[in-house]
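To start, the structure itself, in structure tokens.
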Amino acid sequence: MPELPEVETTRSGIAPSLLGQRVREVIVRQRRLRWPITAGFEAAVRGRVVTSVERRAKYILIGFDSGTAIVHLGMSGSLRILDPATPLLTHDHWDIVLGSGRALRFHDPRRFGSLLFTQVDPHRHPLLAGLAPEPLSDAFDADYLYRVSRRRKVAVKLFIMNSQVVVGVGNIYASESLFRAGIAPRRMAGRLTSEQCARLVRAIKDVLRAAVRAGGTTLRDYVNADGTPGYFSQRLFVYERAELPCRRCRTPIRQFVQGQRSTYWCPTCQK
DNA sequence: AGTGCGGCCTGTCCGC
DNA sequence: TGCGGACAGGCCGCAC
């Protein structure tokens, strides 16, 4: 579910309530997430102080004076700051109760999310060590995308969703970026011109930044740290708009499956 | 090495 | 009303 804008919105939403707080209690109700929550997690975090709340790709890194919790929201996860007495919903899998009397609560129906803990540099963790540049960083530019795409036969939509190419671009923003760049999703990555790479890089940065500003995209159940939805769904040009008229040229938007995921595009605006 | 899938889970919707 | 199948913001790990 959450892509970079939703994860960043969550990170910035929870950070002020976490920073500097001492952990009063850790409550784990369901250990079986994508990877099981390790037995020592509660003891490693209880009584410790939150020193940082950062993001790398779609991972939220909650730094304590004892190590780092690496949180992933998977397809259906969300994190909220609330009163720990708030009645539990099905799939509320863990709480971190803070000295302030508030709590960080993780909710995830599909349990594709995860909670890992590491005592060493989280960026060295196997899941993070091999990740490509952040899309909003200067390292992700037209020259980079042109260089790494050479001789790659994979379709450009799958290429930009590959976390060894660039991180944070999921199924919604991949389709949206390609629409904005005017590039057909089936175009072979290695056939992109340098001009197309430049347009695509700009489109990815623009769409991600705009989505962050809007608080992310809520399609079904995603909510921000305060429980409110994101509003970027109103600004989607193609995603989940199959057969509706293109917002630019009125041609019906088309849908097909690529890598077991739905792709949406306008055959007139994208070549 | 690059590519393509199965699988992890629950919830919802749609056709029969 | 029930039931099967498809599908849903991700992504690892395995075959070829």
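Below, read A as the first sequence line, B as the second, and so on, with proteins coming before strands; counting in each chain starts at 1. We use all heavy atoms of the structure for the numbers below, so side chains are in, but hydrogens, waters and symmetry mates are not.
- A close approach under 4.0 Å does not occur between any side-chain nitrogen or oxygen of A:His72 and OP1 or OP2 of C:dG10.
- Of the possible donor and acceptor atoms, none in the side chain of A:Ser262 sits under 3.5 Å from a partner among the backbone N and O of A:Val257.
- Applying the Watson-Crick and G-U wobble criteria (two distances, each under 3.5 Å), B:dG2 pairs with C:dC16.
- Remark: A:Glu42 engages A:Arg31 in a salt bridge, criterion side-chain N to carboxylate O under 4.0 Å.
- Here C:dC12 is the nucleotide among C:dA8, C:dC12, C:dC11 with the atom lying nearest to any side-chain atom of A:Leu127.
- Atom CE of A:Met188 is separated from atom C1' of B:dG2 by 13 Å (rounded to the nearest Å).
- For the pair A:Gln258 CD and B:dC5 P, the interatomic distance rounds to 12 Å; values are reported in whole Å.
- Note on A:Phe232: nothing from the nucleic acid sits closer than 4.0 angstrom, heavy atoms only.
- Put simply, CZ on A:Phe112 is 9 Å from P on B:dT10, counting in whole angstrom units.
- Proximity of A:Arg110 to the phosphate of C:dG10: no side-chain N or O atom is located under 4.0 Å from OP1 or OP2.
- Note on A:Arg152: only backbone sugar-phosphate atoms sit closer than 4.0 angstrom, heavy atoms only; bases stay farther off.
- Only the P atoms considered, B:dC5 is 15 Å distant from C:dA6, to the nearest whole Å.
- Considering only side-chain N and O atoms, A:Lys58 lies under 4.0 angstrom from the phosphate OP1 or OP2 of C:dC11.
- Within residues 157-171 of chain A, the residues approached by DNA chain C to less than 4.0 Å at the level of any non-hydrogen atom are A:Gly170, A:Asn171, in residue-number order.
- Residue contacts shown for A:Arg111 are limited to sugar-phosphate atoms, with no base heavy atom under 4.0 Å away.
- In this pair, A:Phe106 and A:His93 present their aromatic rings tilted. The plane angle is within the 30 to 60° band.
- Heavy atoms from other residues, nucleotides or ligands lying under 6.0 Å from CZ of A:Arg202 number 12 at most.
- With B:dC5, B:dT3, C:dC7 as the candidates, the nucleotide lying closest to the side chain of A:Ser262 is C:dC7.
- With both pairing distances under 3.5 Å, B:dC9 is matched to nothing as a Watson-Crick or G-U wobble pair.
- For A:His93 and B:dT10, the NE2 to C1' distance is 9 Å, given to the nearest whole Å.
- Side-chain proximity of A:His91 to C:dA8, C:dG10, B:dG11: nearest is B:dG11.
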